[in-house]
Visitor: 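The structure under discussion is supplied below as C-alpha cells; questions concerning it will follow.
All of these numbers come straight from a predicted model, not from anything done at the bench. Labels below follow one simple rule: chain letters A, B, ... track the order of the sequence lines, proteins then strands, and each chain is numbered from 1.
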Amino acid sequence: MANTLDRIEVVTDYKHLQIREITDSGGYHRRVLTCDQTLAEDEHQEIQDKAEELWTDEVKSAWTTFQAEQEVLRNPE
Amino acid sequence: MSGIIGGAGSKSGVIGETEIDYEEGDLDATTFFLVGGSPVDISGGTTKIGSYVKIGQTCYISFQINSGSVNLGTGNITLALPFTAHSKSWIRMAAALYEGGGGGWLQAAQIGIDTNGTSASVYRDQLTNAFVASSTNQRMVFFGGTYRVI
C-alpha cells in the first residue's frame, strides 16, 4: 500500500475497521473494511492482524444476518 | 475557540463547552468506485473526485465521476464511504446520473446509505433498480450529501 497507515478504528458490533491513512501529499485518505471482505495481499500487516483477531465466525454470521434484514427493509412490498 | 490543530486536515478543540472534531480528506479514485462490491480503478476517467469533511457525527461527502472510456466491467455500482454510517442513519438522497448507451440523464436517480453501511448504493430509478456498470458505455455520477457517522 502506498499510503502510510495512521489509524485503525473498530466500530459497530460487526467490527468494521475504519482506516485512516496519510497520502503522499500529506492529506488524509479513508476507507472502511468489513468482515465479509477479503483483504488484499499487500494490505498493511497491522490491519491483517486486527482482522484476524476480530473477524470471528460469530461476527461474520451476525453481519450476514444484519445485511439480510436490511435488504428486506430496502424493498417495497 | 481554543484547541489543537493537529495533523493534515485535522482539528479539534472546544467552543464554549462543546468539544468539536474536524477532519477532511480525499477519496482515492482507485478505491472508492465499486462495481459488484469490488473497487474499479477510475483514475483514467475524465473526472474522478471524491472528498469528505467530517464535523462531529456529520459527514459531508462529494463524488464527481465521469468514467469516460474506462472499462468498468459489469455489476451494480456502489460508492465506498469514508466512515461507517450510524446505527440510526438511514437516508435516501437525489443524485445526478448519466447512463451512456441509451439511458441518458436519469430523472429519478437516488443514492442510499443504510444503517451501519460502509458504501452508498446507487439507483437509476428511485430505489428499484441499481445503476449498473458497463464495459463499453460511459457512466457519470454527481452527488453531494451528508450522513450521520459513528
Visitor: Please look at A:T12 and chain B and tell me whether the side chain, the backbone, both or neither of the residue comes under 4.5 angstrom of a heavy atom of that chain.
Guide: both
Visitor: Per the side chain to side chain contact (heavy atoms under 4.5 Å, CB included) rule, which among A:R30, A:Q18, A:R31 passes with B:P82?
Guide: A:R30
Visitor: Give, as side chain, backbone, both or neither, the part of B:T31 having an atom under 4.5 angstrom from any heavy atom of chain A.
Guide: side chain
Visitor: Please list, in residue-number order, every residue in residues 115-125 of chain B that has a heavy atom less than 4.5 Å from any heavy atom of chain A; write 'none' if there are none.
Guide: B:T115, B:N116, B:T118, B:Y123
Visitor: Tell me, for B:L27 versus chain A, whether the close heavy atoms (under 4.5 Å) come from the side chain, the backbone, both or neither.
Guide: both
Visitor: Please say whether more than 12 non-hydrogen atoms of neighbouring residues, nucleotides or ligands are located less than 6.0 Å from CD in A:E52.
Guide: no
Visitor: State whether the number of non-hydrogen atoms from other residues, nucleotides or ligands found under 6.0 Å of A:E71 atom CD is greater than 12.
Guide: yes
Visitor: Transitively linked via ILVMFWY side-chain contacts under 4.5 Å: A:Y28 with B:I150?
Guide: no
Visitor: Measuring from A:H29:NE2 to B:F32:CZ, what's the distance to the nearest 0.5 Å?
Guide: 9.0 Å
Visitor: Please rank A:E9, A:Q37, A:Q67, A:Q70 by heavy-atom pairs under 4.5 Å with chain B and give me the top one.
Guide: A:Q70
Visitor: Establish whether B:I77 and B:F143 are linked, either directly or via other cluster members, by ILVMFWY side-chain heavy-atom contacts under 4.5 Å.
Guide: yes
Visitor: Would B:Y52 end up clustered with B:V149 when hydrophobic side chains under 4.5 Å apart are linked, directly or stepwise?
Guide: yes
Visitor: Answer yes if A:L54 and A:I8 sit in the same cluster of Ile, Leu, Val, Met, Phe, Trp and Tyr residues linked by side chain heavy atoms under 4.5 Å apart, and no otherwise.
Guide: yes
